[in-house]
Student: 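So that we are looking at the same thing, I have put the structure below in structure tokens.
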Amino acid sequence: MFGIADCNNFYVSCERVFNPSLENKPVVVLSNNDGCIVARSNEVKALGIAMGIPVFKVRNLIKEHDIAVYSSNYALYADMSRRVMSVLEQFIPSMEIYSIDEAFLDLRGFSPERIGDLIANTRKTVMQWTGIPLSIGVAPTKTLAKIANRVAKKNADYKGVCLLNSDAMREHLLKHTAVEGIWGIGPRLSRFLKARGIYTAWQLTCTNDFWIKKNLTVTGLRTVYELRGIPAIPLEYNIPDKQQICTSRSFGQPVEKLNELRESIATYAARSAQKLRQQKSLANTVLIYIRTNPFKENVYQNFRVISLPVPTSCTEEITEYALYGLESIFKAGYAYKKAGVILSGIIPDTGVQQNLFDTVPRDKSRQRMNVMDLINQKNGNDTVYFASQGIRKSWKMKRDMISPAYTTNWDEVLTVRV
DNA sequence: TCTGGGGTCCTAGGACCC
DNA sequence: TCTGGGGTCCTAGGACCC
């Protein structure tokens with residue numbers, strides 16, 4: 001059996017842990033730059049406010065219902081996630097961290113009679129030790145566990161835990177699951193299936209394999225197998241290295257000057273290079289892009305791909321090529337809204353193919369990067385950084401309603417008065 | 001006024017090899 | 001008049017996830 005533990009309204013729950021006055025009140029958390037609604041409390045869901053909607057479109061509802069609004073506080077959410085995962089791991093050591101608020105659990109070593117108690121106990125302990133409520137679904141495959149999880153979350157009778165452990169139950173739940181509720185079936189495939197009379201997960205499992213393979217490719221076929229109770233998507237125990245590393249942000253305000261764009265590209269290049277070094281890899285290719293606001297007139301967007309002469313993870317080198325790329329696509333007279341840096345062609349940093357004509361003193365730059373990373377690790381990110389990244393950063397993203405970093409910054413630790 | 005960020009996998013088609 | 005068979009690698013584009 002596989003389990004999936006999924007935190008309820010995760011970002012909202014994190015805010016509530018340190019601000020209990022938000023309990024039972026409508027709360028939303030916004031995306032970066034305070035753009036869209038990305039987390040909603042149950043009260044907000046009940047009002048019919050959709051996931052991902054731009055916040056300016058629901059300003060009236062927010063006012064009318066006195067909804068508490070927060071900018072996203074990733075320092076807090078990442079740390080709370082780490083805590084939740086470490087508690088889960090104490091109960092079920094073999095697991096796959098699937099996203100910031102979800103983990104698949106390997107329950108194959110546990111006797112079937114014990115699983116119910118184990119899961120209920122795990123859930124209770126996570127709540128007690130971290131303050132984060134979660135739901136757990138258990139089933140013979142990951143895809144079915146996801147369905148069980150939804151049931152556990154939506155139906156209060158289940159008390160946050162749903163065990164899908166019989167064929168009768170599988171049939172019952174699949175008949176009550178719409179195709180768009182299946183993990184792996186997105187909006188486009190849902191429309192496609194419904195147009196052909198397939199509305200429920202159960203109907204999908206009764207469909208011919210050849211037809212599925214032809215129309216939904218092998219990924220669709222894997223999903224159908226999983227719905228039938230045959231595991232086709234294994235647990236990933238160790239996190240594979242990223243094949244692509246991307247850092248991109250929208251700007252707090254439109255940016256017109258090349259200088260400010262240079263600061264942002266240098267910042268994103270440095271962040272990407274840092275991520276690259278964290279996984280002990282090198283990149284072969286740098287892509288940079290800039291774009292204006294696509295919802296407005298006078299649109300311009302462009303990108304530039306640069307092949308590096310020798311694979312590297314050195315910030316100076318990556319930044320230099322990224323800025324060179326920027327110069328080549330920058331056009332004056334536009335109000336830029338977003339920029340990004342993407343590293344690809346990623347390989348391990350051991351056994352690099354040398355270039356006969358390489359003139360860069362690589363040992364020295366590697367040592368320099370090591371020292372920088374150590375300082376920043378010990379004293380906090382951006383304790384030291386390159387001047388090209390800018391100091392004032394007039395373009396930096398908007399986070400007007402951010403809560404304190406309660407658990408990661410000594411200056412922002414909660415004060416309790418007796 | 002205001003519209004997120006970061007990923008993966010699969011397929012088709014083109015270029016190339018012998 | 002007639003024009004093979006069997007591969008690999010790479011990329012763009014489209015789908016999906018949270």
Side-chain angles (χ1 to χ4, degrees), chain A residues 4-11 28-40 50-60 62 69-74 77-78 81 96-104 142-143 146 149-150 179-193 212-223 232-234 236 239-254 264 268 271-272 275-276 279 284-285 287 289 291-296 299 303 305 307 335 337-346 397-401:
Chain A
I4 175 120
D6 189 329
C7 301
N8 301 349
N9 318 327
F10 182 56
Y11 298 170
V28 295
V29 176
L30 305 182
S31 63
N32 272 340
N33 223 27
D34 293 343
C36 299
I37 291 177
V38 294
R40 305 159 295 158
M51 173 71 174
I53 195 168
V55 65
F56 74 87
K57 288 190 176 171
V58 288
R59 282 276 179 231
N60 290 339
I62 289 173
V69 180
Y70 284 89
S71 303
S72 29
N73 182 348
Y74 283 102
Y77 310 150
S81 171
E96 170 194 347
I97 297 175
Y98 178 63
S99 73
I100 194 164
D101 72 330
E102 281 174 81
F104 284 104
K142 285 169 119 180
T143 307
K146 277 278 205 179
N149 185 279
R150 272 167 62 100
V179 283
E180 66 266 31
I182 303 168
W183 184 51
I185 306 291
R188 208 206 68 96
L189 290 179
S190 297
R191 239 180 302 129
F192 176 85
L193 291 170
I212 298 285
K213 170 89 195 295
K214 184 164 159 254
N215 293 288
L216 276 64
T217 78
V218 297
T219 42
L221 189 59
R222 278 202 274 265
T223 296
I233 305 172
E236 300 267 0
I239 312 143
D241 283 347
K242 303 250 180 288
Q243 300 169 34
Q244 180 179 302
I245 289 172
C246 171
T247 307
S248 70
R249 295 281 183 284
S250 298
F251 303 134
Q253 299 153 24
S264 73
Y268 306 155
R271 177 80 188 108
S272 293
K275 292 182 195 170
L276 190 62
Q279 70 165 38
N284 269 297
T285 307
L287 180 151
Y289 72 89
R291 71 164 162 85
T292 60
N293 188 335
F295 299 97
K296 287 192 167 177
V299 169
F303 68 93
V305 183
S307 293
K337 188 62 182 157
K338 187 175 180 181
V341 173
I342 303 171
L343 304 179
S344 57
I346 290 176
M397 70 181 178
K398 228 163 48 177
R399 307 154 106 194
D400 290 340
M401 296 146 292

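A, B, ... follow the sequence lines: proteins, then strands. Residue 1 opens every chain.
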Student: Would you mind reporting whether A:F303 and A:R291 have side-chain heavy atoms less than 4.5 Å apart?
Tutor: no
Student: So, do A:V29 and A:F10 sit near enough that their side-chain heavy atoms are less than 4.5 Å apart?
Tutor: no
Student: So what does A:I100 touch, heavy atoms closer than 4.0 Å: a base, only the sugar-phosphate, or nothing?
Tutor: nothing
Student: Does any part of the side chain of A:R249, heavy atoms only, come nearer than 4.5 Å to the side chain of A:N33, both counted from C-beta?
Tutor: no
Student: What range of DNA chain B does chain A touch, first nucleotide to last, counting atoms under 4.0 Å from its heavy atoms?
Tutor: B:dC2 to B:dT11
Student: Tell me what A:K242 touches on the nucleic acid: a base, only sugar-phosphate, or nothing, going by heavy atoms under 4.0 Å.
Tutor: sugar-phosphate
Student: Might you point out which heavy atoms bring A:N9 and A:R40 nearest each other, and give the distance in Å?
Tutor: CG-O, 3.3 Å
Student: Name the nucleic acid region contacted by A:R59, choosing base, sugar-phosphate or nothing; use a 4.0 angstrom heavy-atom cut-off, strictly under.
Tutor: nothing
Student: Any heavy-atom pair between the side chains of A:V58 and A:I37 that's under 4.5 Å?
Tutor: yes
Student: Give DNA chain B the dot-bracket treatment, 5' to 3': Watson-Crick (N1-N3 with N6-O4 or O6-N4) or G-U (N1-O2, O6-N3) under 3.5 Å, [ ] crossing, | other strand.
Tutor: ....||||||||||||||
Student: Quick one: on DNA chain B, does A:S248 or A:P254 contact a more 5' nucleotide (nearest heavy atom)?
Tutor: A:P254
Student: Side chains of A:V69 and A:D34: does their closest heavy-atom pair fall under 4.5 Å?
Tutor: no
Student: Mind checking whether A:Y77 and A:Y11 have parallel, tilted or perpendicular rings, split at 30° and 60°?
Tutor: parallel
Student: Which is true for A:L189 with a 4.0 Å heavy-atom rule: it touches a base, it touches only sugar-phosphate, or it touches nothing?
Tutor: sugar-phosphate
Student: Going by atom types alone, do A:T223 and A:T143 pair a side-chain donor with an acceptor below 3.5 Å?
Tutor: no
Student: Looking at side-chain heavy atoms only, is the closest gap between A:S72 and A:N32 below 4.5 Å?
Tutor: yes
Student: Would you mind classifying the nucleic acid contact of A:T247 as base, sugar-phosphate or nothing, using non-hydrogen atoms under 4.0 angstrom?
Tutor: sugar-phosphate
Student: Would you call A:L189 and A:V179 a side-chain contact if the rule is heavy atoms closer than 4.5 Å?
Tutor: no
Student: Reckon A:P294 touches a base, only the sugar-phosphate, or nothing at all at heavy-atom distances under 4.0 Å?
Tutor: nothing
Student: Specify the residue among A:F56 and A:K338 whose closest nucleotide of DNA chain B lies further upstream toward the 5′ end.
Tutor: A:F56
Student: Looking across every strand, which nucleic acid part, if any, lies under 4.0 Å from A:I239 by heavy atom: base, sugar-phosphate, or nothing?
Tutor: nothing
Student: Classify A:N32 by what it touches in the nucleic acid, base, sugar-phosphate, or nothing, heavy-atom distance under 4.0 Å.
Tutor: sugar-phosphate
Student: Taking the six-membered ring for Trp, are A:F251 and A:Y268 parallel (under 30°), tilted (30 to 60°) or perpendicular (over 60°)?
Tutor: parallel
Student: For DNA chain C, which residues in residues 214-223 of chain A have a heavy atom at a distance below 4.0 Å?
Tutor: none
Student: Does any non-hydrogen side-chain atom of A:L287 lie less than 4.5 Å from one of A:V341?
Tutor: no
Student: Have a look at A:I53 and say if it touches a base, only the backbone sugar-phosphate, or nothing, with a 4.0 Å heavy-atom cut-off.
Tutor: nothing
Student: Over all strands shown, is A:D34 touching base, sugar-phosphate only, or nothing at heavy-atom distances under 4.0 angstrom?
Tutor: nothing
